[in-house]
Protein chains: 2
Amino acid sequence: MNTRLADHVREALEQMIVTGDFADGERLDEIRLAERFNVSRTPLREAFQALAASGLVQLLPRRGAFVRHPAFHEIIEMFEVMAELEAVCGRLAARRVTPQTLQQIKATVIACECAAHAGDSDGYYRENEHFHQLVYIASGNDFLANEAQRLHKRLQPFRRMQLRVRGRMIQSLSEHRLILTALETGDSTAAETVLREHVAVQGSKFNDLMASYKQSNLRAHSQLISMRE
Amino acid sequence: MNTRLADHVREALEQMIVTGDFADGERLDEIRLAERFNVSRTPLREAFQALAASGLVQLLPRRGAFVRHPAFHEIIEMFEVMAELEAVCGRLAARRVTPQTLQQIKATVIACECAAHAGDSDGYYRENEHFHQLVYIASGNDFLANEAQRLHKRLQPFRRMQLRVRGRMIQSLSEHRLILTALETGDSTAAETVLREHVAVQGSKFNDLMASYKQSNLRAHSQLISMRE
DNA sequence: GTCAAACGTTTTGTATACAAAAAACCATTG
DNA sequence: CAATGGTTTTTTGTATACAAAACGTTTGAC
């Protein structure tokens with residue numbers, strides 16, 4: 001646990017932004033937020049900088065901090081990069097994965113299947129996260145693993161929506177199996193292709209994401225209205 | 001031009017770290033640096049945060065800021081990711097590049113060749129940067145272009161070393177030609193493969209990089225010694 | 001001699017004060 | 001009524017003051 005106020009504020013603001021408490025382009029008032037969190041402007045401004053580094057707010061010099069909700073096409077672009085990063089991880093992992101990591105991946109695939117059969121949505125979500133993290137590590141490139149993890153985290157709110165789509169979980173499961181097999185047999189091309197498709201947002205998934213994004217936009221919008229009252 | 005002190009300090013520190021003015025793991029003294037730059041601790045701490053975000057320093061809570069020179073294997077890893085990112089840019093660009101961008105790329109290839117024949121090393125470096133930037137943009141994915149540019153910038157000091165290697169420029173030129181042709185003919189596989197190889201650090205290049213890295217380490221080390229006197 | 005506890009020093013994190021830039025407001029003019 | 005210029009208010013960026021945590025040192029016990 002961290003005792004720095006700035007980190008607490010950053011986490012709180014991150015949560016608020018992601019859950020749509022602020023409208024797109026809204027200015028974050030230093031003074032009002034400071035007294036709301038019962039801190040001074042100093043840790044608040046630190047939090048702003050951290051949020052700017054991860055792309056959640058835009059910091060304009062001598063203007064202030066503005067929340068920046070990604071436009072729909074930007075999310076599509078981020079998912080495309082995520083798909084390519086995971087594809088690279090898969091290709092490298094097929095050649096480099098250690099027996100231990102492979103064993104761990106196998107365990108998470110099984111845990112995913114168990115959670116799915118038990119109807120444990122949260123459990124599935126958790127194990128799925130673990131599965132992908134292990135694939136990143138299996139690439140044998142720690143820098144790549146970190147970058148992938150970073151983007152994965154940034155896409156988390158949108159992925160959560162996507163997983164709610166009917167039937168997504170079953171398809172996801174079979175893809176996990178295919179990936180596992182590819183890694184076991186050292187088939188780098190298969191690992192690359194399946195992982196890219198596994199993550200990619202296209203075809204029917206595209207429309208699903210579109211729908212859930214519109215909903216999240218509505219939430220942000222209604223929030224904006226309530227703030228103006 | 002930016003009027004914020006914090007940004008000036010960040011740039012200055014960035015330069016100093018990259019050029020090896022600090023040893024690896026050295027603590028950056030807030031007070032001493034503040035009076036050296038004639039600023040208070042506030043903008044200095046802002047600069048620390050920005051540098052931490054780009055990986056040049058490590059920020060330990062209630063400990064301080066420590067410069068973090070990447071270990072050799074970390075640089076290799078970053079180059080591997082860079083190669084894969086450029087490969088992705090190339091693959092996508094072969095399908096999506098606009099006639100205007102293609103024209104611009106052709107222009108930079110020619111400019112590179114001119115600079116090379118004129119023995120203009122700095123000019124070649126500049127046009128080469130431009131060439132890669134255009135390939136990123138040609139991918140049609142702005143987020144990808146930004147990420148690629150970010151990593152490219154981070155690897156800049158090490159790339160500069162690499163280009164000094166004898167014969168590298170001529171090989172680089174012919175690779176540019178191959179990439180241009182692949183983009184013109186829409187050959188995504190060729191664009192991907194050539195760009196990956198173009199960036200990758202392996203074989204003889206590996207040893208070249210190794211040698212120049214050792215030199216840069218020596219510089220950092222001698223600096224450390226001079227500071228202790 | 002080693003370990004540990006208490007003290008003083010240094011350094012970080014946060015609050016607050018202040019200067020300067022931006023925004024808002026308002027009056028005046030065409 | 002629109003536009004412009006000056007004045008006031010707000011807000012950002014920076015300096016400084018202060019509290020608390022980390023660090024080093026000395027002292028004391030075993």
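Evaluation of the side-chain contact (heavy atoms from CB on, under 4.5 Å) rule for Asn146(B) yields no partner, not counting sequence neighbours. With sequence neighbours excluded, the residues that form a side-chain contact (heavy atoms from CB on, under 4.5 Å) with Glu74(A) are Arg68(A), Pro70(A), Ala71(A). Legend: residues meeting side-chain contact (heavy atoms from CB on, under 4.5 Å) with Arg62(A), ordered by chain and number and at least two apart, are Thr3(B). Legend: residues meeting side-chain contact (heavy atoms from CB on, under 4.5 Å) with Gln133(B), ordered by chain and number and at least two apart, are Gln149(B).
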Would you list the atom pairs, donor with acceptor, under 3.5 Å between side chains in residues 46-61 of chain B and any protein atom, with sequence neighbours excluded?
residue	atom	partner	partner atom	Å
Glu46(B)	OE1	Arg4(B)	NH2	2.6
Glu46(B)	OE2	Arg45(A)	NH2	3.4
Ser54(B)	OG	Leu51(B)	O	3.3

Quiz item: Could you run down nucleotides 5-16 of chain C 5' to 3' and tag each one B, S or - for protein heavy-atom contact under 4.0 Å?
Solution: ------SBBBBB

